[in-house]
Amino acid sequence: MPHPLLNKKTKTDHSTHIIETSGLEKSFTDGNKETKILKGIDLQIKRGEFVAIMGRSGAGKSTLLYQISLLDTPSAGKILIEGVNVANLNTEDRTAFRLKELGYVFQDYALLPDLSARENVVLPLLMQNVPKENAYIIADDMLNRVGIGGRLDNLPGKLSGGEQQRVSIARAIAHEPTILFADEPTANLDSESSKMVIDIFKELNKNGQTIVMVTHEEEYAKVADRIIYLKDGLVVDSK
Amino acid sequence: MNANLIKVGFFLAYRQIKRANIWTTLLIVVVMTLTFLNLVVVNGVLVGLIESSLQAFRERGVGDLIITKLNQKNQIERSQEILTVLQNAPQVRLIATRYVGSGNINVDYRKKLRSDERPNKIGATIVGIDPDVELSMNNLSKYLKEGRYLTSYDTDGILVGANLIYKYTPIENASFQTLKNVGVGTKVKVSIGQNSKEVTIVGIIKTKTDQNDSRVFMLDSEAKKLIGRPDANFDEISVKTYPQYGDKGVDDVKQTLLNNSFDDNAKIQTWADAQPKFLKDISATFALLGNMIGSIGLAVASITIFIVIFVNAITRRKFIGILKGIGIAPKAIEISYVFQSIFYAMTGVAIGFLILYGFLVPFIDAHPINFPFSDGILYAPVPGTIVRAIILVITTIIAGYIPARMIVKKNTLDSILGR
């Protein structure tokens, strides 16, 4: 039986928190030694909000992002997305949830090297049973929006870092996700490409897209509605 | 199975194969082709050794149907009636009648031997034939090692099977003797019972069938005199049917003879009935041996595909993690690897089929492998080959699926981060 959230796709209620965590913990065990990375995170993110997560290296920024984006399973605590606890979904439901509701932009772009720019964007749409012709139309539209319209059939290896990241964004937003997660999306890019990526995020957010972005660059974090600061696995500031 | 999973699996597999390194793909396909050939050819050659013996036994040994005298009788009784029935059977193409007697051949018949000296003499089956009919029947002239074939004028000539001559069968023991220092032109004395005749060896044949190579052939008119046959009965009747009637045609002719109760007068056997049991046993043993060797080949192929897919999947672990991360169902990823395995196996099998039936089988048919006891052919009937192809494809699918499943099952985030 699929999780109830999988059948739910509404962006109308702006007053509710789209993401809520309480007592979120994540530990790693190495032999007998347990290292606690997240030590009880409580946070709320509103629908349509652009949130940047900052902190020093090792503060737990990426770990927090992986937990709330369902790429990892927390050791303890709750993750509510649209009011439903998703922390303990089974693998199958997690995958289906990620496909339908979440979008990802990774630091190293994470494009599939055997697929062209267009095919990288088409694939998740096909997985969602979007008819092939429509999937290609949507993909072309998305790639045009991020400025890759002229290089649709290029393999990732033939694109620059900035171009690859824009393909990655096109893939992440093609299925209109409820939340877009970005993990250090500008870390591998030059300043011009970084600015282009941040501009795309701003544009998406202006149109109502909820974005959660991990970054260590203050300049880009300032673009967000709110910055959450982490230190030693705890939220120390949110402004 | 959700059709969409298959669609996405195919989408991924197609692009992965299309954009894979051409040399890697070629290497895998070559391995699959060789494995397929190993499965079919090793078995085919082993079984072909015996199968060619059986074919020779039928084509130039007993024919499609062989009628011989009953053990307790000296001849085939009612031979002429049997001939009439055979001549009227629509399936029958050729009939060869023969006189067969046990006799001996003596090379030293003119020499005075010391009391302790053994004569150059052997016991042999003497067969009287119509040379022209036998030529159509079993093409004996093709198997001449020396000399020439018998003609209908060779009243004083004989053909000798190579098994009776030391030069071709250098065996010497108390129970099996061969003629020494004889060849084409040698005069010998042929005796059956009290009757004997001086004749000249005109040719030596080696057909790789005992039915010919252990016999001495002479004109039927001369053999009839030697045997002392007063009537029109024969000792052996060999029948060939038209190929279009197949084995059923042979069985039908036999049944017609049985319906006329000729089994009271003669032993009536199809070529299959007359097959020596040891040939059947060897054939079964070789098939088993071939299957065992083939199974080892299959295991090697499975391991190869396992390793290839495993290495492929492990080096792509990050991308498998990304696929799962963006929501591609693990089943779809596994299916993509299954499709790749099917592609490798089917391509290998298709090329194997082309090599097998486009080159190997016709080539070995035209140039049989020269074994002492048979002309080895590649015995690869299509249904058996298809079964082996299916086994290979299924094995490959399993060998491809297991490593893909192992990698896909790994933690998504660990795969993405390469942990």
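Since this is a predicted model, take the numbers as computed values, not measurements. Order of the sequence lines fixes the chain letters, A, B, ..., with proteins taken first and strands second; residue numbering starts at 1 for each chain.
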Side-chain contact test, heavy atoms from C-beta onward, threshold under 4.5 Å: evaluate it for A:His175 versus B:Ile326 and give yes or no. no
Spacing of A:Leu123 atom CG and B:Ile328 atom CD1 [to the nearest 0.5 Å]: 3.5 Å
Among A:Thr91, A:Asp72, A:Asp108, A:Leu112, which residue has the highest count of heavy-atom pairs closer than 4.5 Å to chain B? A:Leu112
Minimum heavy-atom distance between A:Glu119 and B:Arg19, given as atom pair plus value: OE1-NH1, 2.6 Å
Of the backbone (N, CA, C, O) and the side chain (C-beta and beyond), which part of B:Ile17 lies under 4.5 Å from a heavy atom of chain A, both, or neither? neither
B:Lys18 versus chain A, heavy atoms under 4.5 Å apart: side chain, backbone, both or neither? neither
Checking A:Leu111 against chain B: side chain, backbone, both or neither under 4.5 Å from a heavy atom? backbone
State whether the number of non-hydrogen atoms from other residues, nucleotides or ligands found under 6.0 Å of B:Met292 atom CE is greater than 12. no
Report, as yes or no, whether the 6.0 Å neighbourhood of atom NZ on B:Lys318 holds more than 12 heavy atoms from other residues, nucleotides or ligands. yes
Min side-chain heavy-atom separation B:Asn4-A:Gln128 under 4.5 Å: no
Under 4.5 Å to a heavy atom of chain B? For A:Arg171 that would be side chain
Separation between CG (B:Leu12) and CG (A:Asp114), nearest 0.5 Å, reads 9.0 Å
Can you tell which of B:Asp414, B:Leu323, B:Asn411 has the highest number of heavy-atom pairs within less than 4.5 Å of chain A? B:Leu323
Atom pair CE/CZ of A:Met127 and B:Phe11 - distance to nearest 0.5 Å: 12.5 Å
Decide, yes or no, whether a salt bridge links A:Glu92 with B:Lys331 under the criterion of side-chain N to carboxylate O below 4.0 Å. no
Evaluate whether atom CZ of A:Arg145 has more than 12 neighbouring non-hydrogen atoms of other residues, nucleotides or ligands under 6.0 angstrom away. no
Residue among A:Ser69, A:Pro124, A:Ser116, A:Pro113 with most heavy-atom pairs under 4.5 Å to chain B: A:Pro113
Measuring from A:Tyr104:OH to B:Ile322:CD1, what's the distance to the nearest 0.5 Å? 13.0 Å
Quick one: what part of B:Leu413 sits under 4.5 Å from any heavy atom of chain A, side chain, backbone, both or neither? both
Pairs of heavy atoms under 4.5 Å with chain A: top-ranked of B:Gly321, B:Gly327, B:Ala329: B:Gly327
Between atom CG of A:Leu115 and atom CZ of B:Phe319, what is the distance when rounded to the nearest 0.5 Å? 10.5 Å
A:Tyr136 atom OH, neighbour heavy-atom count above 12 within 6.0 Å: yes
Just verifying a value: how many Å separate A:Lys132 NZ and B:Lys7 NZ, rounded to the nearest 0.5 Å? 8.5 Å
